[in-house]
Amino acid sequence: MQPRSHRSIAPVVGALLLLAVVVAMGVAVAAGVGSLEPVDPAPAATLELAATADDDRLVIEHVAGESLDVRELSVRVTVEGEPLDEQPPVPFFQDDGFRGGPTGPFNAESDPTWAAGERAGVRVAETNDPSIEAGDRVAVTISRDGDRVATLETTAE
């Protein structure tokens, strides 16, 4: 009788070990993906910007689309590519860099839901730099949780 060879068992054991490793990795990846929380996309809304230099007013109209909760928004204003020293902390009533209280849902005393057909506005104070001059390119970026909702641009009248 000849002794048994163990050489034919080695490929089978190797294949089974490789299969076990692949299955274990698949289970780990599936568990990781399954535990991720779904991310809410930025709301879809159409907004329009108007800027007037004579009274340093910025007005944003919600033209169409989903309602926005201004408490979840951040607003960043630039004039000729330079950000305002003081950005509007919406919603607010009175704050450094702005004259009086804002209008519409940007005002802390208003309903924070910004729906289609509503306008929100702020007046930039003379102490806020840069000032808005006629012909300046004014841009406003509105974001929610770091996701851009809209980037608006206009030329100040």
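Because only heavy atoms are used, hydrogens play no part in the values below, and waters and symmetry mates are left out as well, while side chains stay in.
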| field | Non-hydrogen side-chain atoms of Arg137 and Glu153 separated by less than 4.5 Å | value | yes

| Between Ser131 and Val79, what is the shortest heavy-atom contact and its length? | O-CG1, 3.7 Å

| query | Less than 4.5 Å apart, any side-chain heavy atom of Leu47 and any of Ile142? | reply | yes

| message | Tell me which pairs pass side chain to side chain donor-acceptor pair (under 3.5 Å) where either residue lies in residues 67-83, with sequence neighbours left out. | response | Asp69-Arg71

| Minimum heavy-atom distance between Ala108 and Phe93, given as atom pair plus value | CB-N, 4.2 Å

| message | Let's go through Thr155 and Asp136 carefully: what are the C-alpha distance in whole Å and the side-chain angles of both, what is the deciding distance for side chain to side chain contact (heavy atoms under 4.5 Å, CB included) to 0.1 Å, and is it a yes or a no? | response | CA-CA 6 Å; Thr155 301; Asp136 284 350; over 6 Å; no

| message | Could you report the tightest heavy-atom contact between Val138 and Ala51, atom names first, then the distance? | response | CG2-CB, 4.1 Å

| Counting only N and O atoms by type, is there a donor-acceptor contact under 3.5 Å from the side chain of Thr103 to the main-chain atoms of Gly121? | yes

| query | For Arg99, does the CZ atom sit with more than 12 other heavy atoms under 6.0 Å from it, leaving out its own atoms? | reply | yes

| field | Note, Ile60 side chain near Leu58 side chain (heavy atom, < 4.5 Å) | value | no

| Under 4.5 Å between side-chain heavy atoms, hopping through other hydrophobics if needed: is there a path connecting Phe92 to Leu73? | yes

| message | With clusters defined by side-chain heavy atoms of hydrophobic residues (ILVMFWY) lying less than 4.5 Å apart, directly or transitively, does Val59 cluster with Leu49? | response | no

| query | Should Phe106 and Pro88 count as side-chain neighbours, where that means a heavy-atom distance under 4.5 Å? | reply | no

| task | Of all the heavy-atom pairs spanning Ser110 and Gly104, show the shortest one and how long it is. | result | OG-O, 3.0 Å

| Heavy-atom side-chain contact between Leu68 and Val149 under 4.5 Å | yes

| message | Using 0.5 Å steps for rounding, measure from the CD atom of Glu66 to the OG1 atom of Thr113. | response | 12.5 Å

| field | Worked verdict on Gln87 versus Val77 for side chain to side chain contact (heavy atoms under 4.5 Å, CB included) | value | CA-CA 7 Å; Gln87 297 291 331; Val77 180; 3.8 Å; yes

| note | Taken to the nearest 0.5 Å, the spacing of Ile132 CD1 from Glu157 CD works out to 12.0 Å

Residues 122-130, side-chain donor-acceptor partners within the protein, below 3.5 Å, at least two apart:
residue	atom	partner	partner atom	Å
Arg123	NE	Asp55	O	3.3
Asn128	OD1	Asp85	N	3.2
Asn128	OD1	Glu86	N	3.0
Asn128	ND2	Glu86	O	2.9
Asn128	ND2	Gly97	O	3.1

| request: Please answer whether the main-chain N or O of Glu109 pairs with a side-chain N or O of Asn107 as donor and acceptor at a distance below 3.5 Å. | output: yes

| request: Verify side chain to side chain contact (heavy atoms under 4.5 Å, CB included) between Arg148 and Thr141, making sure each step is shown before the conclusion. | output: CA-CA 7 Å; Arg148 186 176 299 160; Thr141 301; 3.8 Å; yes

| remark: On a heavy-atom basis, the closest approach of Pro105 and Ala120 is CD-CB, 3.9 Å

